[in-house]
Structures are given as structure tokens and as C-alpha cells.
Amino acid sequence: MVSTEPSIFTRILRGDIPSEMVGETENVFAINDIAPRAPLHLLVIPKTEKYRNVVELAAGDPELLAEMIGLANTLAMQHSDGDFRLVFNTGAEAGQTVFHVHAHVLAGGLSEKSVSD
Ligand code: AMP
């Protein structure tokens, strides 16, 4: 069944759930992940929840995907050394828990870790 409730990220964007906004563009915003898995762990999220995952987003609005990557790059430069890992969990079996597309931006001390760590 498809949920008609606003996603947790939409509720954060509306201010219904507290979270510090760490960056924003016209169509995208970023917050700190509540359970960080790297020294810098941000979530970069489109303001629309129209796209459930990155495959839908890339097909439906590639410019919005590019805007997400641009904000990820800006924030990795501001808050770390500019290098970063971008992760889009896609599907429950891959660990996706929030079906409002978002990029995990991981940075800081990752060079010794493989992608599966
Ligand atoms: P995913 O598992 O790829 O769907 O990612 C969802 C992410 O959202 C997880 O890394 C959670 O830690 C994060 N998360 C869940 N609730 C919050 C919240 N209230 N504030 C910030 N991050 C959250």
C-alpha cells in the first residue's frame, strides 16, 4: 500500500519535526543524519516527495538530481575536505527506509574504508 502521509523529510521541511537545516537551494535541502555513520553524514533531499528513489528521480527530473549533487558538493567543501561519498539506498532490500528520495553524503576519514563498511 502506498502511504498518503507526508514523509518524515517533508515533516522536517515543514518544521513539524525538529532538525537543523544545514543547507538549501531552491528545490533541495540538507540536514544532519540523526544516526551518523561518518564524521560528516548529511542527507540531501528534494523539497518535493514526488520521487521515491533515485531511479525515478533520474528519469523524471535529472536537473533536480544535478541540483542535489551540487548541494552535496558545496556542503562537503564547507564542512569537510571536499571529498565525499554519495549513497542512494534504492529499495528496502538495499536498506532504504524512507521512500522520499535522498542522498547520503558521507565524508571525513573514509579513504581506508570500502563501500561496504
Ligand atoms: P535510508 O535508510 O537510506 O532510507 O535513509 C534514511 C535515513 O534517515 C537514515 O540514515 C536515518 O538515520 C535518517 N533519519 C531518520 N529520521 C531522521 C530524522 N528525524 N532526522 C535526521 N535523519 C533521520
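Order of listing sets the numbers, starting from 1, for every ligand and every atom in it. Keep in mind it's a predicted model, so treat the numbers as computed, not measured. The first residue in the sequence is number 1, and the count goes up from there.
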Q: Could you tell me which residues satisfy ring-ring contact (aromatic ring centres under 6.0 Å, His included) with H79, sequence neighbours excluded, listed by chain and number?
A: none

**Q.** Element-labelled atoms of ligand 1 that are located less than 4.0 Å from some non-hydrogen atom of A35
**A.** 12 (O)

Q | Check: I31 and I12 side chains under 4.5 Å, non-hydrogen atoms | A | yes

Q. So is there a nitrogen or oxygen of I31 less than 3.5 Å from a nitrogen or oxygen in ligand 1?
A. no

**Q.** Option among L65, N53, V55 that satisfies the side chain to side chain contact (heavy atoms under 4.5 Å, CB included) test with F88
**A.** L65

Q: Starting from atom 22 (N) of ligand 1, find the nearest protein heavy-atom neighbour and note its residue, name and distance.
A: I34 N, 3.1 Å

(Q) Looking at K47 and E24, is there a salt bridge between them, counting it only when a charged N and a carboxylate O are closer than 4.0 Å? (A) yes

Q | Nearest-neighbour protein heavy atom for atom 19 (N) of ligand 1, which is reported as residue plus atom name and distance | A | I12 CD1, 3.8 Å

**Q.** L64 with F99, same ILVMFWY side-chain cluster at under 4.5 Å
**A.** no

Q.
With respect to H104, determine whether any N or O atom, backbone or side chain, lies less than 3.5 Å from an N or O atom of ligand 1.
A. yes

Q. Of all the non-hydrogen atoms in the protein, which one sits nearest to atom 16 (N) of ligand 1, and at what distance?
A. I8 CD1, 3.6 Å

(Q) Test your reading of the model: is there a side-chain donor-acceptor pair from S80 to the backbone of A76, 3.5 Å cut-off? (A) no

**Q.** Protein contact of atom 5 (O) of ligand 1 - nearest heavy atom, named by residue and atom, plus distance
**A.** H102 NE2, 2.9 Å

Q. Applying the 4.5 Å side-chain criterion to the ILVMFWY set and letting contacts propagate, would I45 and M21 be lumped into a single cluster?
A. yes

Q. Got the closest protein heavy atom to atom 7 (C) of ligand 1, with its distance?
A. D33 OD2, 3.6 Å

Q. Which bit of N89 gets closer than 4.0 Å to ligand 1, counting heavy atoms only: side chain, backbone, both or neither?
A. side chain

Q. At a 4.0 Å threshold, what atoms of ligand 1 neighbour a non-hydrogen atom of R37?
A. 9 (C), 10 (O), 12 (O)

Q | Worked verdict on L86 versus H104 for side chain to side chain contact (heavy atoms under 4.5 Å, CB included) | A | CA-CA 6 Å; L86 207 57; H104 295 259; over 6 Å; no

(Q) Is there a polar contact, in the sense of an N or O pair closer than 3.5 Å, between H41 and ligand 1? (A) no

**Q.** atom 8 (O) of ligand 1: the protein heavy-atom neighbour that sits closest, reported with distance to 0.1 Å
**A.** L43 CD1, 3.6 Å

Q) Do any nitrogen or oxygen atoms of T97 come within less than 3.5 Å of a nitrogen or oxygen of ligand 1? A) yes

**Q.** ligand 1 atoms in contact with V98 (distance to a heavy atom under 4.0 Å)
**A.** 4 (O), 6 (C)

Q. Is it the side chain, the backbone, both or neither of F9 that has a heavy atom closer than 4.0 Å to ligand 1?
A. side chain

Q) Going by the angle between their ring planes, with limits at 30° and 60°, are F9 and H100 parallel, tilted or perpendicular? A) perpendicular

Q) Would you say the side-chain atoms of E26 pair up with the backbone N or O of E67, donor to acceptor, closer than 3.5 Å? A) no

